[in-house]
K.L.:
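Dropping a structure here in structure tokens format, bear with me for questions.
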Amino acid sequence: MPSPNPPAPPPVPFTAEVYRARMAKAAESAAEAGLAGVIVAPGPDLVHLTGYQPVSTERLTLLVLRAEEEPVLVVPTLEAPDAAAAAGAPALALRDWTDGVDPYAVASPLLAPRGRFGVSDNAWAMHLLGLQRALPGTTYTALTEALPMLRAVKDAVELERLTAAGAAADATYEEILKVRFSGRRETDVAADLAALLKHFGHSQVDFTVVGSGPNGANPHHEAGERTIERGDMVVLDFGGLKHGYGSDTSRTVHVGEPTAEEQRVHDIVREAQQAGCAAVRPGVACQEIDRAARAVITEFGYGDRFIHRTGHGIGVTTHEPPYMIEGEEQALVPGMCFSVEPGIYLPGRFGVRIEDIVTVTEDGGRRLNATARELAIVE
């Protein structure tokens, strides 16, 4: 483990006014989309809009946002003190309910009886069905579909946190290159990655993919008990949350000297990743990033071996809209942050993936990861 760095200053906090503006914008966006309002359950949307992060349980917790109405957070009485302490609490009204009371009778008067509402994707079915029983004239649509841009454009403070998370992931990669790979299990290296992410300030580790040899041909391979051997290509994909914002980076390394074919495949992926990053600029459709990266891989004859989208958004979660995929015509906007991560996967043999997080600037794009993209040789 590397020596501890001097503690970094804490990030700039989000104020009640920031949360007030976010909730107002969400309500206005819902109205513009023809919705009566937005219903937000515990999860990343609630954290983004209020700063409140309760555990999702069978007890109803619900934020209701409607244009020209005060935001209201419905919470169980036993959790009301925690809700009142959230950074965004001064910007909303709290309405609590006690056990034995029908929570849907408390929440339903906040809704339009025949309105159509956007609902956060991770809302429990039992809660949504409870609202429908109380107000059978209401209908619902997923927020990802209705308001895909809800969290997509980051402000300056959010970008600072994403940049810090990216730097911590970079520091993790630099350190993992120093450890021994050959003769150790994938799970051993994955544990090293997790420990390093925590060391460099992550509060949460979401994934540590270590795909060695043939396992690298599975893009989301769970690190297993396979012993890494000399001659293996090893895909590393890792990330999590630091100060509430995500990191996600991939690099592919080789244990000992690669063959000419392995080097060539890696070079193709690196060229494709560069093409995807170079295509980033305001006004370009998300699908154009996918097209730019995919065109390179297809040109070299590996088009059918690039089996996933080129990228995904990142913010308070490590995977969120927008998505860099064919058919996504959403235009890029300054402040959007997403991955660019093409790959080639040869079943039974090896895989290669290279990934950076990129943010859209006023005139192009800026990578939030800066580690070398050349094929690194490890022992």
K.L.:
Would one find more than 12 heavy atoms of other residues, nucleotides or ligands at under 6.0 Å from atom CD of Glu326?
P.N.:
yes
K.L.:
Can you list, by chain and residue number, the hydrophobic cluster partners of Leu346 when the side-chain cut-off is 4.5 Å?
P.N.:
Met233, Val265, Ile268, Val269, Val296, Ile297, Phe300, Tyr302, Phe306, Ile344, Phe350, Val352, Ile354, Leu375
K.L.:
For Glu222, does the CD atom have more than 12 heavy-atom neighbours from other residues, nucleotides or ligands under 6.0 Å away?
P.N.:
no
K.L.:
Distance from Thr172 atom OG1 to Glu174 atom CD, nearest 0.5 Å?
P.N.:
10.0 Å
K.L.:
Side chains of Glu229 and Val255: does their closest heavy-atom pair fall under 4.5 Å?
P.N.:
no
K.L.:
Are Leu60 and Val106 close enough that some pair of their side-chain heavy atoms sits under 4.5 Å apart?
P.N.:
no
K.L.:
Hey, is Arg226 close enough to Asp232 for a salt bridge, meaning N to O under 4.0 Å?
P.N.:
yes
K.L.:
Assess whether side chain to side chain contact (heavy atoms under 4.5 Å, CB included) is satisfied between Glu355 and Gln273, documenting all intermediate values.
P.N.:
CA-CA 7 Å; Glu355 173 186 15; Gln273 206 261 350; 5.6 Å; no
K.L.:
State yes or no: do Tyr104 and Leu128 share one hydrophobic cluster built from I, L, V, M, F, W and Y residues joined by side-chain heavy-atom distances below 4.5 Å, directly or via other members?
P.N.:
yes
K.L.:
Looking at Arg161 and Glu158, is any side-chain nitrogen of the basic one under 4.0 Å from a carboxylate oxygen of the acidic one?
P.N.:
no
K.L.:
For atom CD of Glu58, decide whether the heavy atoms of other residues, nucleotides or ligands shown that lie under 6.0 angstrom number more than 12.
P.N.:
yes
K.L.:
My understanding is that only residues two or more places apart in sequence, or in another chain, count here; which of them pass salt bridge (Lys or Arg N to Asp or Glu O under 4.0 Å) with Arg367?
P.N.:
Asp356
K.L.:
Nearest 0.5 Å please: distance from the OG1 atom of Thr310 over to the CD atom of Glu288.
P.N.:
11.5 Å
K.L.:
Test your reading of the model: is there a side-chain donor-acceptor pair from Lys154 to the backbone of Glu160, 3.5 Å cut-off?
P.N.:
no
K.L.:
Could you walk me through whether Glu261 and Arg264 pass the salt bridge (charged side-chain N to carboxylate O under 4.0 Å, His left out) test, one step at a time?
P.N.:
CA-CA 5 Å; Glu261 181 192 19; Arg264 178 174 178 272; over 6 Å; no
K.L.:
What's in the same ILVMFWY side-chain cluster as Leu129, cut-off under 4.5 Å, chained through other members?
P.N.:
none
K.L.:
I'd like to check Tyr19 versus Leu49 (side-chain heavy atoms, cut-off strictly below 4.5 Å). Are they in contact?
P.N.:
no
K.L.:
Quick check on the 6.0 Å ring-centre criterion: do His220 and Phe207 meet it?
P.N.:
no
K.L.:
Counting only heavy atoms not in Arg95, do more than 12 fall under 6.0 Å of its CZ?
P.N.:
no
K.L.:
Would you say the side chain of Ile357 lies within less than 4.5 Å of the side chain of Leu162, judging by non-hydrogen atoms?
P.N.:
no
K.L.:
With a 4.5 Å limit on heavy-atom distance, are the side chains of Pro44 and Asn122 in contact?
P.N.:
yes
K.L.:
Which ring pair (Phe, Tyr, Trp, His ring centres under 6.0 Å) pairs, counting each pair once, include a residue from residues 42-100, with sequence neighbours left out?
P.N.:
none
K.L.:
Check Thr208, Val378, Val210, Val189 against Ile176 for a side-chain contact (heavy atoms from CB on, under 4.5 Å) and give me the one that passes.
P.N.:
Val189
K.L.:
Residues in salt bridge (Lys or Arg N to Asp or Glu O under 4.0 Å) with Asp188, at least two apart?
P.N.:
Arg185
K.L.:
Can any side-chain N or O of Ser120 pair as donor or acceptor with the backbone N or O of Ala41 at less than 3.5 Å?
P.N.:
yes
K.L.:
Show me the pairs that pass ring pair (Phe, Tyr, Trp, His ring centres under 6.0 Å) and involve residues 124-178, at least two apart or across chains.
P.N.:
Trp124-His127
K.L.:
Just verifying a value: how many Å separate Tyr245 OH and Thr317 OG1, rounded to the nearest 0.5 Å?
P.N.:
10.0 Å
K.L.:
Looking at residues at least two apart in the chain, or sitting in another chain, which of them share a side chain to side chain donor-acceptor pair (under 3.5 Å) with Thr144?
P.N.:
Asp121
K.L.:
Which value, rounded to the nearest 0.5 Å, describes the distance between Arg309 atom CZ and Arg294 atom CZ?
P.N.:
11.5 Å
K.L.:
Take Lys25 and Glu28 through the test salt bridge (charged side-chain N to carboxylate O under 4.0 Å, His left out) and record every step on the way to the result.
P.N.:
CA-CA 5 Å; Lys25 183 178 179 182; Glu28 292 166 6; over 6 Å; no
K.L.:
Check whether any side-chain heavy atom of Leu150 lies under 4.5 Å from a side-chain heavy atom of Asp45, and answer yes or no.
P.N.:
yes
K.L.:
Name all residues meeting the salt bridge (Lys or Arg N to Asp or Glu O under 4.0 Å) criterion together with Arg114; count only those two or more places apart in sequence or in a different chain, and write none if there are none.
P.N.:
none
K.L.:
List the steps, then state whether side chain to side chain contact (heavy atoms under 4.5 Å, CB included) holds for Leu236 with Val234.
P.N.:
CA-CA 6 Å; Leu236 305 173; Val234 185; 3.9 Å; yes
K.L.:
Test of understanding: with side chain to side chain donor-acceptor pair (under 3.5 Å), list the residues that count as partners of His243, not counting sequence neighbours.
P.N.:
none
K.L.:
Sequence neighbours left out, what passes salt bridge (Lys or Arg N to Asp or Glu O under 4.0 Å) with Asp155? Give chain and number order.
P.N.:
Arg22
K.L.:
For Glu329, is there any backbone N or O sitting under 3.5 Å from a side-chain donor or acceptor partner on Gln287?
P.N.:
no
K.L.:
Can you check side chain to side chain contact (heavy atoms under 4.5 Å, CB included) on Arg230 and Glu379, steps first, answer last?
P.N.:
CA-CA 8 Å; Arg230 289 193 67 80; Glu379 294 301 321; 3.2 Å; yes
K.L.:
Ion pair present between Arg59 and Glu79, side-chain N to carboxylate O less than 4.0 angstrom?
P.N.:
no
K.L.:
Show the numbers, then the answer: is there a side chain to side chain contact (heavy atoms under 4.5 Å, CB included) between Thr138 and Leu131?
P.N.:
CA-CA 8 Å; Thr138 54; Leu131 289 173; 5.6 Å; no
K.L.:
Could you check whether any side-chain heavy atom of Ile377 comes within less than 4.5 Å of a side-chain heavy atom of Pro258, counting everything from C-beta outward?
P.N.:
yes
K.L.:
I'd like to know if the side chain of His312 pairs up with that of Asp248 as donor and acceptor (distance under 3.5 Å, no hydrogens or angles considered).
P.N.:
yes
K.L.:
Donor-acceptor pair, distance only, cut-off 3.5 Å: does the side chain of His254 make one with the backbone of Gly256?
P.N.:
yes
K.L.:
Side chains of Leu46 and Leu73: closer than 4.5 Å at any heavy-atom pair?
P.N.:
yes
K.L.:
I'd like to know if the side chain of His221 pairs up with that of Glu186 as donor and acceptor (distance under 3.5 Å, no hydrogens or angles considered).
P.N.:
yes
K.L.:
Would you check if the side chain of Thr252 reaches a backbone N or O of Arg353 as a donor-acceptor pair within less than 3.5 Å?
P.N.:
yes
K.L.:
Show which residues join Met324 in its hydrophobic cluster (side-chain heavy-atom contacts under 4.5 Å, direct or indirect), or state none.
P.N.:
Met149, Val153, Val280, Val284, Ile289, Leu332, Val333, Met336, Phe338, Val340, Val358, Val360
K.L.:
Might you confirm whether atom CZ of Arg281 has over 12 heavy atoms from other residues, nucleotides or ligands at distances under 6.0 Å?
P.N.:
no
K.L.:
Supply the members, apart from Val55, of the Ile/Leu/Val/Met/Phe/Trp/Tyr cluster built from side-chain contacts under 4.5 Å; use none for a lone residue.
P.N.:
none
K.L.:
We want to know whether Ser247 and His202 form a side-chain donor-acceptor pair, criterion being a heavy-atom distance below 3.5 angstrom.
P.N.:
yes
